[in-house]
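To start, the structure itself, in structure tokens.
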Amino acid sequence: MKKIIFRVDDRLIHGQVIEGWVKYYKIHRIMVVSDRIAGDSLQRMIYQSALPSGCTLEIMNVEQFISSFEKLKAVKDYTLVLMESVEDLARCTDLIDNDVYVNIGCVACREHKVEVSNTVFLDLDEIEQVCSIRDTVEVYIHKVPWEPSVEIRNFSKLLKGGL
Amino acid sequence: MMVGIVLVTHGRFGEELKKSAEMILGSQEGVETISMEYGSSLADVADEIEKMIARYEDSGAIVFTDMFGGSPSNVAMAYLGSKNVEVVSGVNLPMLIKALGLRRENKSIRVMCNECADSARQSIIVAGELLKETS
């Protein structure tokens, strides 16, 4: 596994992250990147307390994350970067290269969304954003580490089929 | 009116837990369940919790969640500031049964929650260890 894992997960820290990613890769460092959480002291407190023991958590908005990314690349430990939406991931497109593992874990179902997997539901804009990130690196649907990851290949079909 | 009990869990665990408790104690009023399934949105779950606790505005409510740090628990904790709401994580059958019994005793919600947590802790027993102690 690459040292920096970007994960889109609208639940941020939750069961799959705690029991899955953190334990499997012995991750000590989590970053929650979200404008919404960074500006909400109650939500910050909740995610801080939800943290598995032995982990540090940094919570920041997307701008702060982008400007501090160079420092992150120098760190040797695994770092799990959690973002709430494909849109936030797309804002970080310039940071993504082959040293970053990009996965989409959970995106809730809403109106006008297509079921990409049993945990991931995307709309047309999100699919286009993922497609453009995929021009640089592969993007995987990956719920928990021990389940097979699925590379997103069939999007052009979804796009052509109309949503 | 009795304190409301709201079970918020991964999957249908809460619904089944309620049914299991009812097998033992008979049918129960004022026990609500919210299931977080694959594809559920956090906002929808939050709305449901809000609706449920509003129903018990006068009596107060205890929200039981299955695992601290899991999303049912994270979402529920946002309502801690609300009047007369407490959140207890790590719900199991003995804990729920304890809560259903305590509801008749007119205790404060915080006291109820502490007693539920104690009862759940005490319910966890490694049977082999128990035998070693008694032999």
Side-chain angles (χ1 to χ4, degrees), chain A residues 8-23 27 30 32 34 36-37 40-55 57 59 80 82-85 104-123 126 141 143-144 147, chain B residues 6-17 33-51 53 61-92 110 113-114 117 121 124:
Chain A
V8 174
D9 190 328
D10 58 10
R11 302 180 188 184
L12 297 167
I13 299 173
H14 66 116
Q16 286 171 13
V17 169
I18 297 170
E19 293 300 318
W21 294 89
V22 169
K23 286 194 179 160
I27 289 170
I30 299 179
V32 164
S34 155
R36 186 178 67 84
I37 306 290
D40 182 333
S41 57
L42 177 65
Q43 290 295 327
R44 291 178 73 105
M45 185 277 287
I46 291 170
Y47 284 106
Q48 190 71 50
S49 68
L51 199 67
S53 62
C55 258
L57 173 67
I59 299 173
L80 179 63
L82 297 171
M83 296 178 204
E84 265 182 310
S85 63
I104 301 181
C106 272
V107 180
C109 182
R110 293 233 175 84
E111 235 181 316
H112 307 301
K113 291 213 179 197
V114 171
E115 181 171 354
V116 182
S117 80
N118 64 354
T119 55
V120 177
F121 299 77
L122 302 180
D123 64 21
E126 291 168 325
I141 305 271
K143 197 160 61 188
V144 283
E147 280 186 9
Chain B
V6 184
L7 301 165
V8 190
T9 60
H10 289 88
R12 302 191 166 270
F13 176 50
E15 275 176 37
E16 296 300 329
L17 197 59
T33 59
I34 298 172
S35 300
M36 188 174 253
E37 309 267 3
Y38 285 135
S40 302
S41 99
L42 288 190
D44 291 347
V45 172
D47 285 349
E48 269 191 81
I49 296 177
E50 204 164 319
K51 215 164 52 192
I53 59 181
I62 305 177
V63 182
F64 288 100
T65 66
D66 50 6
M67 185 175 104
F68 191 73
S71 29
S73 176
N74 293 343
V75 178
M77 278 173 71
Y79 295 96
L80 270 182
S82 320
K83 207 176 120 216
N84 251 346
V85 174
E86 187 56 84
V87 178
V88 182
S89 65
V91 67
N92 62 14
R110 185 59 70 81
C113 289
N114 286 332
R121 276 187 211 105
I124 299 166

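Naming convention: chains lettered A, B, ... in sequence-line order (proteins, then strands); numbering from 1 in each chain. For the numbers below, each heavy atom of this structure counts, side chains included, while hydrogens, waters and symmetry mates do not. All figures in this text were calculated on a predicted structure; none of them were measured in a lab.
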| task | Go through B:Glu86 and B:Val63 one step at a time and tell me if the side chain to side chain contact (heavy atoms under 4.5 Å, CB included) criterion holds. | result | CA-CA 6 Å; B:Glu86 187 56 84; B:Val63 182; over 6 Å; no

| query | For the candidates A:Gln43, A:Met45, A:His14, which exhibits the highest count of non-hydrogen atom pairs separated by less than 4.5 Å from chain B? | reply | A:His14

| query | Atom OH of A:Tyr47 and atom CD1 of A:Ile37: how far apart are they, to the nearest 0.5 Å? | reply | 5.0 Å

| field | Euclidean distance, B:Asp66 CG relative to B:Leu7 CG, rounded to 0.5 Å | value | 9.5 Å

| field | A:Leu57 vs A:Ile30, side chain to side chain contact (heavy atoms under 4.5 Å, CB included): CA-CA, chis, key distance, verdict | value | CA-CA 5 Å; A:Leu57 173 67; A:Ile30 299 179; 3.9 Å; yes

| request: Provide the closest heavy-atom pair for B:Glu15 versus B:Thr33 in the form atom of the first, atom of the second, distance. | output: CG-OG1, 3.4 Å

| Straight-line distance of B:Met36 CE to A:Arg11 CZ, nearest 0.5 Å | 5.0 Å

| Would you say the side chains of A:His112 and A:Asp123 form a donor-acceptor pair under 3.5 Å? | no

| Shortest non-hydrogen contact from B:Ser82 to B:Ile53? | OG-CD1, 4.2 Å

| query | Mind checking which of residues 70-78 of chain B sit less than 4.5 Å from chain A, heavy atom to heavy atom? | reply | B:Gly70, B:Ser71, B:Asn74, B:Met77, B:Ala78

| Contact summary for B:Ile49 and B:Tyr79, nearest pair of heavy atoms | CG2-CD1, 3.7 Å

| message | With a 4.5 angstrom heavy-atom cut-off, is it the side chain or the backbone of A:Lys113 that approaches chain B, or both, or neither? | response | neither

| request: For B:Val88 and B:Cys113, work out which heavy atoms get closest and say how close. | output: CG2-SG, 3.6 Å

| side chain to side chain contact (heavy atoms under 4.5 Å, CB included) evaluation trace for A:Val17 with A:Leu12 | CA-CA 8 Å; A:Val17 169; A:Leu12 297 167; over 6 Å; no

| message | Ignoring hydrogens, what is the shortest heavy-atom contact between A:Ile13 and A:Ala50? Give both atom names and the distance. | response | CG2-O, 3.9 Å

| query | For chain A, which residues from residues 37-44 of chain B have at least one heavy atom closer than 4.5 Å to it? | reply | B:Glu37, B:Tyr38, B:Gly39, B:Ser40, B:Ser41, B:Leu42, B:Ala43

| task | Could you tell me which portion of A:Ser117 (side chain, backbone, both or neither) has an atom closer than 4.5 angstrom to a non-hydrogen atom of chain B? | result | neither

| query | What part of A:Asn118 is in contact with chain B, defined as an atom under 4.5 angstrom from a non-hydrogen atom: side chain, backbone, both or neither? | reply | both

| query | Most heavy-atom pairs under 4.5 angstrom with chain B, which of A:Cys106, A:Pro52, A:Cys109? | reply | A:Cys109

